[in-house]
Each structure stands twice: as C-alpha cells, then as structure tokens.
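Notes follow once the structure below has been shown.
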Number of protein chains: 2
Amino acid sequence: MVHNQITLFRIERGLSRKDLAAAVGVNPQTIGFLERGTYNPSVELALKLAAVFGVPVDTLFSLNGFPSLATQIAGNANRQKEFEDD
Amino acid sequence: MVHNQITLFRIERGLSRKDLAAAVGVNPQTIGFLERGTYNPSVELALKLAAVFGVPVDTLFSLNGFPSLATQIAGNANRQKEFEDD
DNA sequence: CCATATTATTGTGTTTACGCAACACCCTGA
DNA sequence: TCAGGGTGTTGCGTAAACACAATAATATGG
C-alpha cells in the first residue's frame, strides 16, 4: 500500500483536481482515485506530480505513510533549529 | 518514457537480478524488463528499489534521462567544492 | 432561489505491469 | 568438457492503471 500527500499539496496551491489532472496529463478521475488511495500510480505519473509541486517523489509518496502535518512542520522547524545551532 | 539507473546501482552493490528481485519482492524478469527500459513500474516498486539502495526515488528514476556518470560524479564534486568554498 | 464548480461514484473498455514457465546464449569454474 | 549461474526473450495469463462518459451530491456565488 502506497500513501501520498497529493491532496495537501494540491489544496495549498489552490488547484482543483481538474487543474492538477490537466497539469500532469491525466483524467480528473485518476487524481480522485489517487487521492482516495484507491491505487498505486506509475512512477511516471509520480514524477510528473512531483515536478508540478517542485518536490522530490519521496515527499509525495511513501510506503509507510506520513506523520501528521504538525509533526512534519515541527520536525522541520527542529532541524532548522539544529542547523542554526551549528 | 521513464529512464532509470537501476543497473548501475545493482552492479555496484554486486547484486544479480535475482537478488534484487528477491529484495523487492518481484520476479527476476520484472527487473530485466525494468533495466531494459521496456516499462514504467509502479511507484510502489520504485519506492522499494529506492529503499534497497538507500537513495531517493528521483536518484533512480527520471523523466528526462540522466547525464553520464562522469558528469554526475564531477557535478557532485563541484557542488561539494562550492560547499567548501562557502 | 438558481447557476456553476467541485467532487464522488459507477460502469465499460484498453493497455500494461507483473507472475510464471520455457528455452537459448554466454561465462566461469570444477 | 560439462555443469551452473546470469541474462535475454517469448508467450500466456491476471490484475490493475488509466481513459471516457454519465449521474448525483454538495457547496458557493450570483
């Protein structure tokens, strides 16, 4: 089972599923299935989605699921803090 | 068309196709097809392969192909140099 | 209230990812 | 010289990724 964060990134950019579908060249329903976790896209589609959002594939897709947004944001803040503390 | 660097990483680790196939849970022929570029794997398989090699998916798969090894290695050396020059 | 956009769902169809089996070709090592 | 491992290829089967169309539900803005 593959987890993804497509909905989060899409909403943040203010894109509809139709918009995102057009941006990567698939049908809007395909984005719908994807966001609901109903399936496991091709790596080509994953690469295109990652390119649209300007992030690595691993930021969008994961085998083990993603921590909560709070954890992710706070985690990055901590890493940034550690970096500043250097 | 999706390009990949699976053969390079596999050879470097001294793995046969059978070994790699066993590590990610697919048939050896699937690895063969993949390396020959005959197809476009699922993002799940891509994530598993990336996990085996300990690299991001984007290091293994690309929409636009990869530069030559020399370019990649030299490029990283340059970036490292820039980093040291900071 | 009505019009429009977004989304969920369902159904049908094609293509392709992947499993499995078989065979042929090269190497290398006993 | 022969056996065995790695590889390329082909063919058949199944499941799933996607396309496309239609409908309904919700929400939002006029």
Side-chain angles (χ1 to χ4, degrees), chain A residues 1-66 68-70 72, chain B residues 1-66 68-70 72:
Chain A
M1 177 66 181
V2 169
H3 304 82
N4 72 75
Q5 302 209 107
I6 294 175
T7 308
L8 287 179
F9 278 84
R10 180 175 63 76
I11 298 293
E12 199 204 16
R13 306 299 167 100
L15 299 173
S16 71
R17 291 183 175 171
K18 210 168 106 183
D19 295 335
L20 182 54
V24 297
V26 298
N27 269 9
Q29 287 95 334
T30 297
I31 304 294
F33 282 124
L34 248 179
E35 294 194 356
R36 279 173 250 129
T38 311
Y39 68 39
N40 186 357
S42 65
V43 72
E44 180 172 11
L45 181 51
L47 286 165
K48 286 182 184 172
L49 289 164
V52 165
F53 293 129
V55 298
V57 171
D58 306 76
T59 302
L60 280 184
F61 294 91
S62 155
L63 291 173
N64 310 314
F66 294 94
S68 74
L69 267 188
Q72 292 184 58
Chain B
M1 178 68 178
V2 169
H3 302 82
N4 72 74
Q5 303 209 106
I6 295 176
T7 308
L8 287 180
F9 279 85
R10 180 175 64 77
I11 299 293
E12 198 204 16
R13 307 299 167 98
L15 299 173
S16 71
R17 292 183 175 173
K18 211 166 105 183
D19 295 335
L20 182 54
V24 296
V26 297
N27 269 8
Q29 287 95 333
T30 297
I31 303 294
F33 282 124
L34 248 178
E35 294 194 355
R36 279 174 252 129
T38 311
Y39 67 40
N40 184 355
S42 66
V43 72
E44 180 172 11
L45 181 51
L47 286 166
K48 287 181 182 171
L49 288 163
V52 165
F53 294 130
V55 298
V57 170
D58 307 76
T59 303
L60 280 184
F61 295 92
S62 154
L63 291 174
N64 310 315
F66 294 94
S68 74
L69 266 187
Q72 292 183 58

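Only this structure's heavy atoms are used, side chains among them; waters, hydrogens and symmetry mates stay out. This is a predicted model, so every value here is computed, not measured.
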Between B:Val43 and A:Leu47, is any pair of side-chain heavy atoms under 4.5 Å apart?
no
Take the protein atom CG of B:Asn27 and the nucleotide atom P of D:dT14, then report the distance between them rounded to whole Å.
16 Å
Check the phosphate of C:dA17 against B:Thr30, side-chain N and O only, distance under 4.0 Å to OP1 or OP2. Yes or no?
no
For A:Pro41, answer base if it contacts any base atom (sugar-phosphate contacts may also be present), sugar-phosphate if it contacts only those atoms, and nothing otherwise; contact means non-hydrogen atoms under 4.0 Å.
sugar-phosphate
Distance in angstrom units between B:Phe33 CZ and D:dT9 C1', rounded
7 Å
Taking the side chain as everything from C-beta on, heavy atoms only, tell me whether A:Tyr39 gets closer than 4.5 Å to A:Thr30.
yes
Has A:Ser42 got a side-chain N or O lying under 4.0 Å from the OP1 or OP2 atom of D:dC18?
yes
Rounded to whole Å, the CD-C1' distance (B:Gln29 to C:dA21) equals 8 Å
Find the distance B:Leu34:CG to C:dC18:P and express it as a whole number of Å.
7 Å
Distance in angstrom units between B:Leu45 CG and C:dA17 P, rounded
11 Å
B:Lys18 NZ to C:dA21 C1': how many Å, rounded?
15 Å
Write down the distance between CG (A:Leu20) and P (C:dT7), rounded to a whole number of angstrom.
10 Å
